[in-house]
Peer 1: 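A single structure is presented below for examination.
Predicted, not measured: the structure shown is a model, and the values here were computed from it. Only this structure's heavy atoms are used, side chains among them; waters, hydrogens and symmetry mates stay out. Convention: sequence-line order gives letters A, B, ...; per-chain numbering from 1.
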There are 2 protein chains.
Amino acid sequence: MAASQPTLADRICEEMKQAIVSGRLAQGAKLNEPLLAREFGISRGPLREAIRRLEGLGLVRHVPHAGARVVRHSLEELVEIYHVREALEGMAARLAASAISAAAVTELHALLDAHERDIAASDGQAYVQQEGDFDFHYRIIQAARNHKLTQMLLGDLYHPVRMYRVQASQRAHRPQRALTEHRRIVDALADRDGELAELLMRRHIAGARKSLAAQLGGDEAPSPIPAPSTSTRS
Amino acid sequence: MAASQPTLADRICEEMKQAIVSGRLAQGAKLNEPLLAREFGISRGPLREAIRRLEGLGLVRHVPHAGARVVRHSLEELVEIYHVREALEGMAARLAASAISAAAVTELHALLDAHERDIAASDGQAYVQQEGDFDFHYRIIQAARNHKLTQMLLGDLYHPVRMYRVQASQRAHRPQRALTEHRRIVDALADRDGELAELLMRRHIAGARKSLAAQLGGDEAPSPIPAPSTSTRS
DNA sequence: TTTGCAAAAATTGTCGACAAAATAACATCG
DNA sequence: CGATGTTATTTTGTCGACAATTTTTGCAAA
């Protein structure tokens with residue numbers, strides 16, 4: 001079902017998605033149609049279709065006669081996303097404990113072994129852990145065998161997270177500790193202990209969220225006054 | 001977000017979304033561009049943009065040189081969605097317990113009172129409970145004050161559910177019981193008991209999911225998926 | 001210098017036309 | 001009669017051009 005003859009709009013959409021996630025198209029950047037069209041060597045028609053698709057995906061925002069811009073992700077929004085991830089990936093871990101195959105568990109162990117080697121090799125930077133972390137979470141999500149869940153998590157929710165990681169050049173929070181937590185989760189999966197797997201996954205993501213929230217300045221745990229001013233005034 | 005001058009593509013996108021959810025555009029129906037363009041009285045350009053946006057929203061599926069079709073939702077997928085709803089709305093209930101205002105709790109009570117009157121009045125059919133149920137869940141989600149959560153739940157996830165409800169003409173499962181469960185949830189919110197609110201909400205949705213899954217086992221007379229008649233009004 | 005308004009430029013929205021591909025129809029052959 | 005290759009039609013993909021709107025620019029006045 002791969003694109004046998006990928007259309008121009010599809011190709012451009014994919015390229016732009018990559019450009020946005022990688023930061024080559026900065027957050028809030030205006031998408032100038034004639035310019036981009038010339039740059040990609042295509043007409044404005046397919047480009048507009050690609051932009052509309054990205055709009056549906058939530059990666060760009062479009063106002064009627066003012067053009068489209070790359071969405072901006074505030075740290076607050078990142079924290080919100082981590083809340084959602086906590087709920088969703090916790091569920092994924094629980095489902096995975098029931099659905100995962102023994103072979104997949106073995107593969108997960110091998111993956112974590114590889115991560116351990118990578119961390120030991122590139123001590124300090126641990127950039128590989130970035131993609132490796134994604135890889136781990138990807139596999140858990142896939143193992144849950146819930147198509148809609150996969151679609152939401154991998155299709156929509158992860159883009160902002162990847163954008164943030166790449167663009168902020170944020171190093172992994174204590175990759176050694178993350179690795180240990182990953183191992184515990186896999187152990188729970190191997191034991192078919194869905195409850196424990198969910199708990200550990202939630203704690204794992206909640207830890208990352210709190211680390212993120214710490215950058216916000218204040219603790220965000222109990223929001224006493226929600227401050228309804230979203231300040232998205234236009 | 002005041003649509004100062006809604007563009008054609010936006011308007012058509014909205015109309016098509018409505019048509020898909022309401023079932024006027026059946027599941028699996030082919031989106032014939034010249035036909036639809038004539039029907040809407042516009043050119044193919046904006047129509048294609050609208051379709052691309054719907055594609056990003058996950059309401060239509062597009063294959064390179066074969067055209068776009070309305071997505072088909074199997075009962076299995078519905079069950080998957082209810083799993084996701086359970087996790088997400090459970091979280092929403094927990095967050096809402098912390099974030100909701102006293103005034104909002106009062107409004108919720110009033111809403112449920114109205115539902116009770118409606119059920120008593122239109123005993124049996126209880127069609128109002130359909131939208132009312134959505135209304136209740138809407139408010140809980142909003143009360144969680146998590147923008148991303150709202151976006152995912154109300155933006156993407158609910159469309160298939162509404163499609164299913166509308167098209168299958170499914171009556172609410174025991175509206176009286178649903179109402180009671182709703183009341184208990186609001187009570188938990190009023191007590192600021194997030195844990196209990198989450199538990200009750202999860203149980204509430206899990207019940208609906210099980211009722212849904214029961215249909216999966218036993219094939220009943222009403223065929224849930226209508227025959228894909230390619231003919232649309234011209 | 002700053003403010004306000006008007007013209008100009010650029011950009012977005014929309015359309016019709018042409019090229020490429022897929023589907024349908026049809027005639028031919030086994 | 002059915003299968004198959006070819007043609008014809010429909011449908012999708014792409015492009016350039018024109019209209020509508022917004023933003024910028026320029027200029028004059030307070």
Side-chain angles (χ1 to χ4, degrees), chain A residues 1-17 19-20 25-26 28-57 59-72 232-234, chain B residues 1-17 19-20 25-26 28-57 59-71 227-234:
Chain A
M1 55 222 45
S4 52
Q5 199 92 334
T7 180
L8 270 188
D10 281 328
R11 189 169 65 79
I12 299 304
C13 178
E14 213 56 39
E15 274 192 48
M16 288 183 73
K17 196 198 291 184
I20 290 173
L25 251 55
K30 189 170 183 334
L31 299 182
N32 187 308
E33 293 182 5
L35 198 90
L36 283 174
R38 249 198 318 274
E39 192 165 325
F40 284 123
I42 61 168
S43 158
R44 272 180 56 216
L47 180 78
R48 282 174 67 87
E49 292 181 21
I51 289 176
R52 278 321 230 272
R53 196 150 110 74
L54 291 173
E55 185 190 359
L57 284 171
L59 269 78
V60 309
R61 209 176 169 76
H62 183 101
V63 284
H65 287 82
R69 314 186 86 93
V70 180
V71 291
R72 311 190 66 112
T232 45
R233 196 87 184 90
S234 59
Chain B
M1 39 175 128
S4 53
Q5 198 93 336
T7 179
L8 270 188
D10 281 328
R11 188 169 65 80
I12 299 304
C13 178
E14 211 58 38
E15 274 191 48
M16 288 182 72
K17 195 198 295 184
I20 290 173
L25 252 54
K30 188 169 185 332
L31 300 181
N32 187 308
E33 294 181 5
L35 198 90
L36 283 174
R38 249 199 317 276
E39 193 163 326
F40 284 123
I42 62 168
S43 159
R44 272 180 57 217
L47 180 78
R48 281 176 66 88
E49 292 180 21
I51 290 177
R52 278 320 230 272
R53 195 149 112 73
L54 291 173
E55 186 190 358
L57 284 171
L59 270 78
V60 308
R61 208 176 172 75
H62 183 100
V63 282
H65 288 82
R69 312 186 88 93
V70 180
V71 291
S229 64
T230 52
S231 69
T232 41
R233 300 302 105 203
S234 61

Peer 1: Which atoms form the tightest heavy-atom contact between Leu47(B) and Glu33(B), and what is the distance?
Peer 2: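 Taking every non-hydrogen atom into account, CD2-O, 3.4 Å.
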
Peer 1: Check this one for me: any side-chain N or O of Lys30(A) less than 4.0 Å away from OP1 or OP2 of dT12(C)?
Peer 2: yes

Peer 1: Of all the heavy-atom pairs spanning Arg69(B) and Gly28(B), show the shortest one and how long it is.
Peer 2: NE-O, 3.2 Å

Peer 1: NE2 of His65(B) versus P of dT14(D): gap in Å, rounded?
Peer 2: 6 Å

Peer 1: Nearest whole Å is fine: how far is dA9(C) P from Glu33(A) CD?
Peer 2: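 Nearest whole value for this atom pair: 21 Å.
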
Peer 1: Can you measure Arg69(B) atom CZ to dT12(D) atom P for me and round it to whole angstrom units?
Peer 2: 10 Å

Peer 1: Please report the distance, rounded to the nearest Å, between CG in Leu47(B) and P in dC15(C).
Peer 2: 11 Å

Peer 1: Could you state the CG-C1' distance from Leu36(A) to dT11(C), rounded to the nearest angstrom?
Peer 2: 13 Å

Peer 1: Whole-Å distance between dC15(D) P and Arg44(A) CZ?
Peer 2: 13 Å

Peer 1: Taking only N and O in the side chain of Asn32(B), is any of them less than 4.0 Å away from OP1 or OP2 of dT11(D)?
Peer 2: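 So the side chain of Asn32(B) is within the cut-off, an N or O lying under 4.0 Å from OP1 or OP2 of dT11(D).
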
Peer 1: With respect to the phosphate group of dT12(D), does any side-chain polar atom (N or O) of Thr7(A) fall under 4.0 Å of OP1 or OP2?
Peer 2: no

Peer 1: I need the CZ-P distance between Arg48(B) and dT11(D), as an integer number of Å.
Peer 2: 14 Å

Peer 1: Please report, rounded to the nearest Å, how far the C1' atom of dT11(D) is from the CG atom of Leu35(B).
Peer 2: 12 Å

Peer 1: Please report the closest heavy-atom contact between Lys30(A) and Gly67(A), naming both atoms and the distance.
Peer 2: NZ-CA, 4.2 Å

Peer 1: For Ile20(A) and Val70(A), work out which heavy atoms get closest and say how close.
Peer 2: CG2-CG1, 3.8 Å

Peer 1: For Ala66(A) and Leu8(A), take the nucleotide of DNA chain D holding the closest heavy atom to each; which residue's nucleotide lies nearer the 5' end?
Peer 2: Leu8(A)

